[in-house]
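The block underneath contains the structure these notes are about, expressed in structure tokens.
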Amino acid sequence: MSKDVAQEFNIDTVENASATPQVQLPWAELGLKENEFDEIVKILGRRPTAAELAMYSVMWSEHCSYKSTKNHLRQFGAKVTEEMKKDLMVGIGENAGVTDLGDGWAVTFKIESHNSPSYVEPYQGAATGIGGIVRDIISMGARPVAVMDPLRFGAIDHPDSQRVVHGVVSGIGGYGNSLGLPNIGGETVFDPIYQGNPLVNALAVGVLRHEDLRLANASGVGNKVVLFGARTGGDGIGGASVLASESFDDSKPSKRPAVQVGDPFAEKVLIECCLELFKASLVEGIQDLGAAGISCATSELASNGEGGMHVELTSVLLRDSTLTPGEILMSESQERMMAVVSPENVEAFEAVMAKWGVEYSWLGEVTDTNRLVITWNGEVIVDVDPKTVAHDGPVYDRPYSRPDWQDALQADTFRSSAAGQDLPGTGEQLKAAVLELIASPNLCDKSWITRQYDRYVGGNTALASPDDAGVVRVDEASGLGVAIATDANGRYTYLDPYAGAQLALAESYRNVATSGAIPAAVSDCLNYGSPEDPDVMWQLAEGIRGLSDACMELGVPVTGGNVSLYNQTGEKAIHPTPVVATLGKLDDVARRTPSGWRAEADGQAIYLIGKTLDELDGSEYANLRGHLGGLPPKVDLAAEKALGQVLINASRDGMIDAAHDLSEGGLAAALSEMVLRYGVGARVALDEIMARDGIDAFTALFSETQARALVAVPRSEEVRFNDMTSARGITVARIGVVDAESNALEVQGHFTASVEELREAHEGTMEKYFG
């Protein structure tokens with residue numbers, strides 16, 4: 001493009017666009033396909049202006065429009081029963097879902113991705129991931145109360161993992177700690193498949209009174225539109241909206257835009273400022289500025305409203321005076337909000353801004369034109385139907401089919417004779433295998449990470465990592481609270497995308513139930529490769545189908561989430577990784593159940609709930625042996641639901657003092673983690689479950705059969721506990737007792753591992769590589 005044309009392009013008006021159809025626009029460089037550009041021309045009846053092209057390019061990106069998944073995602077809304085809706089105040093389509101907690105309280109939560117930015121610039125990528133998801137929560141009228149971070153990195157011993165892990169963890173801690181928000185959980189997984197494409201997913205949860213609920217719409221002709229918070233700069237132009245929508249291509253520097261730069265202290269002020277606005281009912285609608293920046297905020301507010309909007313773009317306060325109109329529209333500068341304010345509230349709004357020292361600029365007003373009109377020094381540079389930008393973009397039915405290689409993969413089972421595995425059999429071999437398992441990168445102690453996060457700031461954290469779920473008190477007077485867990489297993493989903501997505505939900509649901517909370521809602525972050533690859537698109541379609549079916553069977557609605565695509569390096573996609581966050585309700589957090597037993601539990605009975613099958617395909621033990629093949633553990637959602645009811649009722653009625661789900665690492669990992677939680681030993685015997693389930697000691701310890709949990713039952717409660725499980729037809733086995741004096745995990749007839757041996761194995765790995 002010549003300098004003259006570039007200059008003309010930068011000041012492009014609608015009038016100029018109509019008069020110069022011959023001007024060639026850089027639609028491909030902005031991530032648009034030719035057919036998409038042609039559709040924009042058709043919608044407008046002319047070529048777009050530079051600013052319009054910028055808006056459409058970011059809003060029609062995969063990240064913002066869900067153009068490859070929208071048809072599949074509709075299942076989440078279609079597979080919702082009236083019973084599932086009874087506590088749902090806001091569902092899919094808003095910034096975050098909202099669930100009724102009772103007593104006038106509500107909770108909002110959402111999980112999103114910041115994957116590619118966190119690879120390019122780990123600290124700021126992760127930090128602004130926290131900032132963005134927190135603003136989604138603010139925009140619903142809620143006070144943020146906690147965050148969580150499910151993370152996936154490449155091989156733990158890869159040189160680049162040092163850069164990425166240190167940067168991401170520091171970014172999460174630096175931003176979240178500065179906001180004063182406890183980080184109450186998540187996951188950390190290491191696998192070479194994520195080497196060039198780590199997954200940095202961020203979750204935030206907020207609480208609000210029913211009357212404080214706010215939605216993102218611009219209604220009321222004559223109401224004023226205001227942008228407030230940080231000034232708009234050149235950071236993140238085209239950021240997540242383009243970066244998360246395309247594979248990296250070194251020949252196209254536009255695919256490597258600057259990652260946004262966050263200021264947590266500015267966001268903390270913004271939180272308090274917004275909450276005061278909500279309390280005084282000074283805003284009619286509000287939208288955070290995240291991906292696609294002003295393009296998103298203006299088009300979505302106008303599209304969701306009852307009329308249109310007029311905005312004067314030169315009124316935007318800038319950090320960089322050289323920005324073009326298109327760059328201002330696309331900038332993803334952080335810590336910004338857009339609101340709609342009635343004329344009679346303008347003075348009060350400005351008083352709140354002055355109190356908190358927050359900058360603001362009145363950009364325009366709501367109109368009755370059903371058009372989004374943006375001017376630059378009075379010249380019209382955008383004149384569009386906002387629905388065509390925000391909601392009526394392209395929708396693709398991407399071709400997909402079951403990969404040719406899937407059959408061979410599933411036939412390659414870990415326990416088959418053809419596998420030739422030399423499995424541990426003697427007591428010493430089993431002990432060595434347990435120590436190796438709990439020292440593995442995926443099951444080792446992650447306190448090197450979590451101690452960099454403040455888990456208890458605010459004084460309302462009741463449970464946090466390493467417990468199965470994070471628990472936060474909502475109401476000090478009643479003890480009302482919420483529990484949240486995030487889970488996914490990319491190996492399971494690679495082996496069977498449908499079942500793997502269901503297993504992610506099952507584990508998340510189970511972890512919430514182990515805390516004693518009633519699962520109530522789901523948010524998901526669907527991390528996959530390129531939707532233009534039929535193999536990947538099949539994985540994605542199957543994952544959405546599996547998750548939506550499972551949510552319906554378990555009775556928990558999906559309230560919102562995120563799809564992150566193009567997670568791959570070259571032609572190599574990551575394992576399909578649908579991260580599922582389940583939120584549960586606790587009437588009183590004082591009755592939450594921790595994931596380990598304390599010394600005062602000495603003599604309590606240890607029960608294993610559920611049967612154990614020979615299911616080692618995709619397991620953590622198989623992973624340590626370099627094997628990935630076969631079928632993941634069977635999904636039994638009816639058993640998961642029944643197990644959840646037992647765990648919830650037993651916790652509420654005081655029948656159990658500790659509970660831990662069985663998932664990655666099976667019984668061996670669960671026993672070790674329960675012992676290590678408070679450093680209190682246990683004596684267990686495997687004979688009963690080996691005889692009952694027809695398995696050997698190795699399978700009993702390392703199988704990853706689902707719908708199982710370990711619980712510690714006071715002796716005074718054993719009769720009640722057994723009566724309850726028997727009445728419900730739940731299989732249980734009394735496998736041992738808590739032994740506070742032994743200072744060891746004793747698996748009778750096989751091995752004894754001292755607490756110190758377990759701790760040394762469990763805690764040494766992260767320090768070895770990152771300490």
Side-chain angles (χ1 to χ4, degrees), residues 14 32 36 39-40 42-45 48-49 51-67 69-71 73-74 77 90-98 110 135-136 139-141 213-227 240-241 283-313 326 328-330 332 336-341 363-375 380-395 560 562-563:
V14 169
L32 289 166
E36 293 170 345
E39 182 63 21
I40 294 167
K42 180 180 177 182
I43 289 170
L44 296 174
T49 66
E52 289 169 338
L53 182 67
M55 290 190 73
Y56 277 108
S57 71
V58 291
M59 292 303 293
W60 283 16
S61 69
E62 199 71 68
H63 184 84
C64 295
S65 73
Y66 298 98
K67 57 191 175 186
T69 55
K70 191 175 289 185
N71 282 339
L73 293 172
R74 291 192 176 101
V90 175
I92 296 172
E94 284 286 343
N95 287 306
V98 180
K110 189 180 181 183
R135 288 193 303 279
D136 277 338
S139 67
M140 301 308 297
L213 178 63
R214 295 293 183 275
L215 300 177
N217 61 64
S219 298
V221 175
N223 283 341
K224 306 302 180 182
V225 178
V226 62
L227 180 66
S241 55
V283 297
E284 307 302 314
I286 192 164
Q287 171 80 26
D288 72 300
L289 273 73
I294 294 173
S295 292
C296 179
T298 54
S299 62
E300 289 198 349
L301 281 167
S303 180
N304 292 334
E306 299 169 351
M309 183 187 292
H310 171 255
V311 166
E312 171 55 49
L313 203 60
I328 294 170
L329 288 170
M330 286 196 294
E332 295 180 2
R336 297 180 298 163
M337 305 288 287
M338 184 173 284
V340 177
V341 181
L363 302 188
E365 63 181 25
V366 177
T367 67
D368 60 1
T369 63
N370 292 318
R371 305 288 293 179
L372 172 59
V373 176
I374 299 176
T375 54
V380 178
I381 60 171
V382 171
D383 185 355
V384 298
D385 178 347
K387 293 188 184 302
T388 67
V389 179
H391 296 115
D392 296 337
V395 178
N562 174 239
V563 180

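Below, each value reflects all heavy atoms present in this structure, side chains not excepted, and no hydrogens, waters or symmetry copies. This one's a predicted model, so the numbers in the text were calculated from it and none came from an experiment.
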Practice problem: Specify the closest pair of heavy atoms between Met338 and Leu289, including all atoms of both residues, with the distance to one decimal. | Solution: N-CD1, 3.6 Å
Exercise. Drop me the distance from Glu52's CD to Ile374's CD1, to the nearest 0.5 angstrom.
Key: 8.5 Å
Quiz item: Under 3.5 Å, is there a donor-acceptor pair between the Gln287 and Ser139 side chains?
Solution: no
Practice problem: Please round to the nearest 0.5 Å and tell me the distance separating atom CG of Leu215 and atom CG of Leu301. | Solution: 11.0 Å
Self-check item: Least distance between heavy atoms, Glu332 atom then Ala291 atom
Solution: OE2-CA, 3.5 Å
Quiz item: With sequence neighbours left out, what residues match Arg135 under salt bridge (Lys or Arg N to Asp or Glu O under 4.0 Å)?
Solution: Glu267
Quiz item: Under a 4.5 Å cut-off applied to non-hydrogen side-chain atoms, are Asn71 and Tyr66 in contact?
Solution: no
Self-check item: Atom of Pro386, atom of Leu372 and distance for their closest heavy-atom approach
Solution: CD-N, 3.7 Å
Quiz item: Between Asn95 and Ile286, which heavy-atom pair has the shortest distance, and what is it?
Solution: ND2-O, 4.3 Å
Quiz item: Within a strict 4.5 Å, meaning less than it, do heavy atoms of the Glu284 and Val366 side chains meet?
Solution: no
Quiz prompt | pair Leu227-Ile294: side-chain heavy atoms closer than 4.5 Å | solution = yes
Self-check item: Closest non-hydrogen atom pair between Val380 and Asp383, with its separation
Solution: CG1-CB, 4.0 Å
Quiz prompt | Heavy-atom donor-acceptor pair, Ser61 side chain to Val58 backbone, under 3.5 Å | solution = yes
Quiz item: Distance from His310 atom NE2 to Thr369 atom OG1, nearest 0.5 Å?
Solution: 9.5 Å
Practice problem: Apply side chain to side chain contact (heavy atoms under 4.5 Å, CB included) to the pair Asn304 and His391, showing each step before the final yes or no. | Solution: CA-CA 9 Å; Asn304 292 334; His391 296 115; 3.1 Å; yes
Exercise. Side-chain contact test, heavy atoms from C-beta onward, threshold under 4.5 Å: evaluate it for Leu363 versus Lys224 and give yes or no.
Key: no
Practice problem: Answer yes or no: is there a side-chain heavy-atom contact under 4.5 Å between Val373 and Thr367? | Solution: no
Practice problem: For Glu36, enumerate each residue passing the salt bridge (Lys or Arg N to Asp or Glu O under 4.0 Å) test, keeping only those at least two apart in sequence or located in another chain. | Solution: Lys67
Quiz item: Distance from Asp368 atom CG to Met309 atom CE, nearest 0.5 Å?
Solution: 13.5 Å
Quiz item: Among Thr298, Val384, Ile43, which residue meets the side chain to side chain contact (heavy atoms under 4.5 Å, CB included) test with Val389?
Solution: Val384
Self-check item: Close side-chain approach of Leu32 to Leu53, heavy-atom, < 4.5 Å
Solution: yes
Practice problem: Verify, without hydrogens or angle tests, whether Arg371 (side chain) and Gly308 (backbone) share a donor-acceptor contact under 3.5 angstrom. | Solution: no
Quiz item: When rounded to the nearest 0.5 angstrom, what is the spacing between CG in Asp288 and CZ in Arg336?
Solution: 10.0 Å
Quiz prompt | Check: Leu329 main-chain N/O paired with Ser295 side-chain donor or acceptor under 3.5 Å | solution = yes
Quiz prompt | Contact check, side chains of Met55 and Ser299, non-hydrogen atoms, under 4.5 Å | solution = yes
Quiz item: So do Met59 and Cys296 actually touch side chain to side chain, heavy atoms under 4.5 Å?
Solution: yes
Quiz item: Looking at Val283 and Ala339, what are the two nearest heavy atoms and their distance?
Solution: CG1-CB, 3.8 Å
Quiz item: Roughly how far, to the nearest 0.5 Å, is the CG atom of Asn562 from the CG atom of Asp136?
Solution: 9.5 Å
